[in-house]
Structure formats: structure tokens, C-alpha cells
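One structure is given below, encoded as C-alpha cells.
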Protein chains: 2
Amino acid sequence: MTRPRRRADAELNRARIVAAARSLVQQPDELRLNEVAKAAGVGQGTLYRHFASREELLVEVYRDDVHELVEAASVLLAHHDPLSALAAWFRRVTEYARIKRGVFAAVTTSVRTDLADHSIGSIGEAITSLLDAGKAEGVIRGDADARDVILLIGALTRLDDDEWDTRADRLLRIVLDGLRANE
Amino acid sequence: MTRPRRRADAELNRARIVAAARSLVQQPDELRLNEVAKAAGVGQGTLYRHFASREELLVEVYRDDVHELVEAASVLLAHHDPLSALAAWFRRVTEYARIKRGVFAAVTTSVRTDLADHSIGSIGEAITSLLDAGKAEGVIRGDADARDVILLIGALTRLDDDEWDTRADRLLRIVLDGLRANE
DNA sequence: ACCTGAACACCGTTCAAGT
DNA sequence: ACCTGAACACCGTTCAAGT
């Protein structure tokens, strides 16, 4: 868990890049990496030295948000029954997806990276804990796993801006119902 | 419904472009438009004259496949109960999505274009007819519409190649269960 | 009316030179 | 060990010239 040592200037550049990216992702256009480098005041090569891919950068940009989602899962489970916790967590994810669309991409990327590492990762664990609580009470189908949830919730990513109000909640309810054990 | 008149050479070029694209989309790489033009033996400008956007081209490339899916809906409804028909149609879409991943993008684009035209379009009608049959019998939730289905089924698009066998069926079952009226 | 293909635009990515 | 930024690569898109 100890950070790899970096030269102070490298550390600073890295932080500048992430800060610039965090500000630029707010805009509706696709994030341009050269623009990030320019806004951060570093050369393009420096960006690539710190982040081997666009996705690595995005994971870093949304690290705190993803962490909050992970924390939320256990808090919700402590205070609600499994189905309500899952529903509330879904709503939480949706809010993020609505405001910061990139969060979802970061979540998906994280999960994918984690799986490639043969580890489930923190987001995967969060979703798994929600599902497991429901399975233990027999209210969630036994065969569903975290990646099923990620893939289905991903439908929200493709919502048009003007559809959220009418459609997002219903989509989540459909997914939630589909995940319930057929009593 | 009558075709707009085109010069014979234009018609031929158009057909060549679609044929070249149909062959090139088979490959795993992204479809490069310049490559399509080259393979079709026409200038790039000719491609743009016939298809204003990449999506327009893709809709044309998959026109027959989309039409087959539309036809399948009424055939299935004639021979099965609504839920089985919907399940069978889902499986059909999945097979297409697995073999020709682009079909799904074409379906989505068609639906989106149709909606922008304030018309539901043939694919939208096909899905609506499947849903309506189920609603009439009280086995499908009354608030679900064709676009919900498109968005949810779209989860399959993001499956990795090696996941299909283990995950595709389950995802479809989850969506199908979610679409059922809670008895 | 339609076609051609050189040229332009836009970005991601690399790498030689520098500190 | 790290940074810079010119240069390259890759594609989509346009448009002047041609039939």
C-alpha cells in the first residue's frame, strides 16, 4: 500500500494532470488528452509517462467518487434490508451517472481491470456484498453476480439527457425486479 | 415508397459501397470509411455523397438483418404465448448480436432515427407488439416500452467474447423477469 | 449529376533532445 | 529520473477539378 517513490516534480505534475482532467471532464465534449496536458501546463509526453492509457487517467480522476460508492454499500446494508439497500445503492449510482457520466465508465474500467488481475476489487466486493445479503435472505436470485449488475446498470449510460426523468427510475426497477428470486 | 431516381452509375457505386462495408464489418477492427471507399473502388467523396454519416451506412449494411428481426416478432407471437415469444425474440436478437455485433448498433440507430422522426419505426413496432401482447394478458408490466427493452438488451453489446456462454442467457432471463408484471 | 483523390483537420502517441 | 514539444500516424471529411 506504500506509494512508489517519485521525484517531487513528477508528483506535482501528476497531481496537476489529474486536476486538469477533473475540470475538463465536466464539459460535454470528449476529453482530449492533449488539451489535458496543455491545461495542466505539462508536455504531452509527461501525461503518457504517468498514465499509460486514457482509462488509467479516468480511473484516477474518479477515484474518490468510486470510493464513496464502495463505502455507501456497507452503510446502506447496515441500515436497510437487502432489497432496499440494493435499490438505494442503484439510485446512488444513477445520481452519479447523471451528474458525472464518466464515473460509470471509471467503475466499469475498474471492475474490468480488477477482473484481469484475478481479483474482484473494491467495487466488485461492494456489489457482491449487496447481492450476498439478498441471497442469504432468499430475496435475490442465487446466480446473479456483480458483473451482471454492472452490465445491466450500464443501460443508464446510454440515456439521453432529456430521458432521465421519465426513464431512469423505471429501468432501475426493472433490473431490480429481474434480480429478485422468483418467489 | 418509390425510390428516388439516381443515375445508373450512382446506383452501382452505392451498391458497391454497401457490399464492401458488409464485407469489412465482419472483421474485428473498427470499420474505416476510407478503407470501405477503397475496397468499393470509389473515391471517399462518393461515400459521403451516398451516406452522410457512418451510422447511415451501418443502417443500410444491416437492413436485411433488422428486417428479419421485425418479421420474427409477428411469427413468434402467432405461435407462442407472449412471454415465450418475447423470450424467443430476445434469444434471436442475442444470436445476431453475438455473430454480427453491428446489428445491434444498427437497431439502436434505427430506433433513435425513428424517434427523432416522431415515428416509432418498424423495430419499435415489433418490440411494442411483443410487449403489448404480454400486457394484454397481464404478464408484462404495463409501464415498459420498446426503448426500455432496447436499452436493457444493449447490455449484451458490452459482453466480452468469452463471456457469452456463461452470461448472455442469464442476463436475458434477468431482463425478462424484470419486465414481467409482479403477480 | 456525379465522381475522384489530394489535401486538410483533428488527435492520439512517440521520441530525440534537454534539464 | 523526468520533462518538453515537434513530429508522426491515423482517419474522418471536404472540395476543386474533372467527366
Side-chain angles (χ1 to χ4, degrees), chain A residues 2-62 101-102 105-106 108-109 112-113 116, chain B residues 2-62 101-102 105-106 108-109 112-113 116:
Chain A
T2 56
R3 292 283 207 79
R5 297 221 174 180
R6 271 190 281 260
R7 254 169 44 180
D9 57 342
E11 197 69 54
L12 183 60
N13 278 334
R14 188 186 168 90
R16 277 185 181 145
I17 291 166
V18 174
R22 224 186 298 264
S23 149
L24 286 171
V25 284
Q26 311 267 22
Q27 282 168 277
D29 340 276
E30 273 291 286
L31 186 71
R32 271 160 296 179
L33 297 184
N34 283 352
E35 198 183 349
V36 172
K38 197 176 178 186
V42 303
Q44 306 99 289
T46 304
L47 194 153
Y48 283 90
R49 160 169 273 266
H50 286 289
F51 303 99
S53 71
R54 160 189 234 91
E55 301 201 329
E56 262 185 40
L57 175 57
L58 286 176
V59 167
E60 191 62 37
V61 164
Y62 290 114
R101 296 222 166 189
T108 306
T109 303
R112 194 169 293 268
T113 310
Chain B
T2 57
R3 292 281 208 77
R5 298 227 176 175
R6 272 189 281 257
R7 252 168 45 177
D9 56 342
E11 196 68 54
L12 184 60
N13 277 335
R14 188 186 167 89
R16 277 185 180 145
I17 290 165
V18 175
R22 219 181 310 255
S23 149
L24 286 170
V25 283
Q26 311 270 19
Q27 285 168 273
D29 340 274
E30 273 291 284
L31 187 70
R32 271 160 296 178
L33 296 185
N34 283 353
E35 198 184 351
V36 172
K38 196 175 180 190
V42 303
Q44 306 98 290
T46 305
L47 194 154
Y48 283 90
R49 162 169 274 264
H50 287 289
F51 303 99
S53 69
R54 160 191 233 88
E55 300 202 328
E56 262 185 39
L57 175 56
L58 286 176
V59 167
E60 191 62 36
V61 163
Y62 290 112
R101 296 222 165 186
T108 307
T109 305
R112 194 168 292 266
T113 312

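Chain A is the first sequence line, chain B the second, and so forth, proteins listed ahead of strands; every chain is numbered from 1. Here the structure is a predicted model, which is why all the values come from computation and not from measurement.
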Checklist line | Nucleotide C:dT4, atom C1' - distance to CG of B:L47 in whole Å | finding: 13 Å
Notebook entry, point to check: D:dC2 phosphate, OP1 or OP2: any side-chain N/O from A:R7 under 4.0 angstrom?
Noted result: no
Notebook entry, point to check: What is the distance, rounded to the nearest whole Å, between atom CZ of A:R49 and atom P of D:dA1?
Noted result: 9 Å
Notebook entry, point to check: Whole-Å distance between D:dT4 C1' and A:K38 NZ?
Noted result: 15 Å
Next item on the list: Return the 5'-most residue of the pair B:L33, A:D9 with respect to DNA chain D, ranking by each residue's nearest nucleotide.
Entry: A:D9
Notebook entry, point to check: Quick one: B:Q44 CD to D:dT13 C1', roughly how many Å, whole number?
Noted result: 9 Å
Next item on the list: Would you mind pulling out the nucleotide paired to C:dA17, Watson-Crick or G-U wobble, both distances under 3.5 Å?
Entry: none
Item checked: Under 4.0 angstrom between A:N13 side-chain N/O and D:dC3 OP1 or OP2 -> yes
Next item on the list: To the nearest Å, give me how far apart CZ (A:R14) and P (D:dA1) are.
Entry: 17 Å
Item checked: Short side-chain N/O contact to D:dG12 OP1/OP2 from B:R54, under 4.0 Å -> yes
Notebook entry, point to check: To the nearest angstrom, how far is B:L24 atom CG from D:dG12 atom P?
Noted result: 12 Å
Checklist line | Option passing side chain to side chain contact (heavy atoms under 4.5 Å, CB included) with A:V61 (candidates A:L31, A:V25, A:I17) | finding: A:V25
Notebook entry, point to check: Taking all non-hydrogen atoms of both residues, which atom of A:F51 and which atom of A:E56 are closest, and how far apart?
Noted result: CA-OE1, 3.7 Å
Notebook entry, point to check: Taking all non-hydrogen atoms of both residues, which atom of A:R22 and which atom of A:E60 are closest, and how far apart?
Noted result: NH1-O, 4.1 Å
Next item on the list: Let me know, please, whether A:S53 or B:A10 comes out on the 5' side of the other along DNA chain C by nearest nucleotide.
Entry: B:A10
Next item on the list: Please report the shortest heavy-atom distance between B:L24 and B:V36, naming the atom on each side.
Entry: CD1-CA, 3.7 Å
Next item on the list: Write down the distance between CG (B:L57) and P (D:dT13), rounded to a whole number of angstrom.
Entry: 11 Å
Notebook entry, point to check: Which atom pair, heavy atoms only, marks the closest approach of B:E30 to B:R54?
Noted result: OE1-NH2, 3.9 Å
Margin query: Assuming nearest nucleotide by heavy-atom distance, tell me which of A:T46 and A:R32 is located more 5' along DNA chain C.
Written below: A:R32
Checklist line | Value in whole Å for how far the P atom of D:dG12 lies from CZ of B:F51 | finding: 15 Å
Margin query: What contact category does B:L31 fall into here, base, sugar-phosphate, or nothing, at under 4.0 angstrom with non-hydrogen atoms?
Written below: sugar-phosphate
Item checked: Counterpart base for D:dA9, defined by Watson-Crick or G-U wobble contacts under 3.5 Å -> none
Next item on the list: Give one of base, sugar-phosphate or nothing for B:N34, where a contact means two heavy atoms less than 4.0 Å apart.
Entry: base
Next item on the list: Return no unless some side-chain N or O of A:H50 is found under 4.0 Å from OP1 or OP2 of D:dC3.
Entry: yes
Next item on the list: Please give the nucleotide sitting opposite C:dC3 as a Watson-Crick or G-U wobble pair, both distances under 3.5 Å, or none.
Entry: none
